Amino acid sequence: MAPPPRRRPRVATLAVVAALVAALPGALQKCVFDEVQARARVVRAAPVPPPAASHPPQTDGRPRAASPQPIRIRTWTPAESDGLSGAEGERLQAAVDEAVRTVSSLLSVNRGPGPLLLSRDVNKYCKFLWKNSSTANYNRCGRANKNYRAETCLDVTIPDDHLAGCDVYPHADSPRRTRLRPDGAGLPRSDFLLYLHVRATDKCRAEPGVLAYAAHCRTDPSGRPLAAVVVICRDKLTGATHGRRATAQTVIHELFHALGFSKELFHTWRDCSSTFQGGARCSPRGRVTHSDGWGQMRVYTPSVISALQSHLASTHPELGGPLENLDVPPGRVSSHWESRVLQGSIMAPVLGDPTTVRIDPVTLAALQDTGWYAVDLSRAQSLVWGEGEGTTFGSLSACNKSSAFFCTGSGFGCHYLHLHKGECQTDPHLEGCRLYKPLKNGSECWKEENGEEEPWSGELFGFHSRCFFSNLTRQNRSGGSVAGRCYRHMCTGPNRYRIQVSGSDWVDCPAGGAIQIKGYRGSVHCPDRRICLYADVTPPADAVGTTPTPTTRQVPL
Ligand SMILES: *[C@@H]1O[C@H](CO)[C@@H](O)[C@H](O)[C@H]1NC(C)=O
Ligand SMILES: *[C@@H]1O[C@H](CO)[C@@H](O)[C@H](O)[C@H]1NC(C)=O
Ligand SMILES: *[C@@H]1O[C@H](CO)[C@@H](O)[C@H](O)[C@H]1NC(C)=O
Ligand SMILES: *[C@@H]1O[C@H](CO)[C@@H](O)[C@H](O)[C@H]1NC(C)=O
Ligand SMILES: [Zn+2]
């Protein structure tokens with residue numbers, strides 16, 4: 001008996017590469033996306049089949065009850081990957097597990113039946129395809145390529161076990177075929193395969209700021225990416241330079257690129273808003289990136305627009321998601337948000353200190369608008385940056401005056417989340433706009449060990465401390481200039497709090513006002529709508545108790 005006819009592989013094998021540059025102090029912060037992209041092997045996708053064939057009836061004959069389930073991301077370490085020492089390997093694994101857990105809690109997919117099998121690249125295993133569209137084997141392989149060896153995903157060799165088989169049809173019109181490769185076992189209970197490649201690649205060595213980069217290499221018939229490589233630069237992981245949270249965020253950032261937030265995929269996003277028979281009917285969105293009136297390229301899709309409108313408190317109908325334009329030719333796009341507008345987003349071009357990086361509503365809206373995922377938008381973290389600031393927030397003309405988010409000059413102050421002291425700085429992505437960035441070290445108010453620097457300023461460091469603009473000084477000292485200072489705080493309601501300065505009682509700090517403290521000259525400014533408003537803006541949970549108090553220090557371990 002002849003085996004049932006196989007569906008033709010019609011996988012898009014376009015390799016899409018995005019790279020993340022770390023915010024390393026002193027290192028040139030440069031996104032290498034375009035360079036990596038230019039060097040990536042790009043295989044043109046096979047022609048899209050007629051719609052009827054892409055929705056075969058389920059075997060039980062009933063329409064598929066589409067009920068998206070959390071995406072199951074399977075990580076696989078390829079044979080080419082460098083081994084990591086025990087502790088290093090465990091740290092990386094913990095970070096990757098955290099990233100995968102996070103992404104699965106956010107994105108759901110319609111799970112396919114059976115194990116995940118990746119298609120082979122017909123242009124690799126095949127010497128020629130039947131090109132006569134009136135014949136039965138149109139676009140099928142007519143003759144095997146004798147030199148065919150293996151499939152790759154970026155620079156990773158895909159194990160045969162992960163690959164579907166392939167056939168050759170010696171006659172244009174006959175169903176007779178010969179099996180070139182058998183089906184692999186596939187990956188059970190998997191919706192996405194992540195090849196985690198730890199390596200000191202040339203790309204890693206060439207760019208000191210590059211921590212990781214990614215490329216997707218297989219998609220399903222709807223265009224949803226099924227497999228990707230994330231390359232983690234071996235040398236950047238060693239030692240304590242990059243903590244678990246920062247590594248996890250790096251992997252999430254790369255995963256979001258590979259899952260759809262990529263300039264190579266924007267035009268393949270689908271509109272699945274109209275539903276029928278319990279499933280979603282999807283149509284291509286076509287081009288989603290356009291220039292606004294000022295030459296800023298934006299993503300114009302419904303969820304992105306509404307997320308940005310609600311974030312900026314604007315009803316402007318053309319408020320698309322702005323894309324970073326540094327080093328991007330006019331009219332072209334990048335795969336990151338414009339950092340002046342969406343500073344702190346997980347999809348900004350540079351990730352800062354892990355406590356300042358947010359999985360924000362606009363990024364989740366973009367993933368929703370790919371059409372491939374059901375996204376739990378309720379799990380978005382507050383972005384804070386720019387909230388309620390209106391349509392023109394982050395524009396070059398508007399950032400020039402000192403505001404709640406931007407600063408001028410080069411003084412000291414507070415990072416806008418008030419967890420860190422900051423220095424008013426710019427970077428190439430900000431194009432002259434300036435904001436208070438965390439100091440290189442000793443910046444975290446919530447770290448007790450950062451204290452004891454300047455006792456005359458009344459600073460208190462610890463889990464409950466936050467940054468305040470202040471020029472408090474002890475009576476016996478001459479006046480200091482206004483800078484960011486760490487004081488303890490206690491919430492008494494939304495946007496209401498008290499603060500405590502070294503040696504003082506708890507004092508009400510009215511949001512938007514300024515207070516004086518007994519025993520000190522000068523005053524403390526009480527920020528409005530920054531403190532005691534966002535439950536998810538906190539120091540890392542594991543910072544509680546990491547600093548031993550004098551009593552615990554005496555306990556032998
Ligand atoms: C294509 O195939 C059909 C059916 O076999 C045949 O009649 C026709 O001549 C072929 N066309 C070409 C250009 O080979
Ligand atoms: C900001 O304004 C100053 C003068 O007011 C000007 O010199 C500077 O170029 C402006 N910067 C930007 C980014 O517009
Ligand atoms: C920053 O770190 C350097 C080296 O570890 C140290 O010498 C310096 O005092 C630190 N600065 C602050 C502000 O903590
Ligand atoms: C503190 O700053 C305020 C406002 O900038 C200023 O009016 C005051 O004189 C300063 N006080 C001291 C002691 O420097
Ligand atoms: Zn990136």
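Indexing begins at 1, ligand by ligand and atom by atom, following the structure's order. Residues take their numbers from the sequence shown, with the count starting at 1. What you see is a predicted model; the values in this text were computed from it and never measured.
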Under 4.0 Å between a Lys/Arg side-chain N and an Asp/Glu carboxylate O for D369 and R270?
no

Qualifying residues under side chain to side chain donor-acceptor pair (under 3.5 Å), relative to Y373, sequence neighbours excluded
none

NZ/NE/NH1/NH2 to OD/OE distance under 4.0 Å, E423 and R434
no

Could I get the full list of side chain to side chain contact (heavy atoms under 4.5 Å, CB included) partners for Y436, not counting sequence neighbours?
C407, C424, F469

Distance filter under 4.0 Å to G522 heavy atoms, resulting ligand 4 atoms
11 (N), 13 (C)

Between ligand 1 and the protein, find all N/O pairs closer than 3.5 Å and give the distance for each.
residue, atom, partner, partner atom, Å
ligand 1, 2 (O), N132, OD1, 3.4
ligand 1, 2 (O), N132, ND2, 2.4
ligand 1, 5 (O), D173, OD2, 3.4
ligand 1, 11 (N), N132, ND2, 2.7
ligand 1, 14 (O), N132, ND2, 3.3

Of the N, O or S atoms in H253, the one nearest the Zn ion (ligand 5)
NE2

Across all chains, not counting sequence neighbours, the side chain to side chain contact (heavy atoms under 4.5 Å, CB included) partners of I515 are I499, V507, C509, P510, I517, V524, C526

The Zn ion (ligand 5) - closest N/O/S atom in H257:
NE2

Taking the two cysteines C486 and C467, do their sulfur (SG) atoms come closer than 2.5 angstrom to each other?
no

More than 12 non-hydrogen atoms from neighbouring residues, nucleotides or ligands closer than 6.0 Å to CZ on R529, yes or no?
no

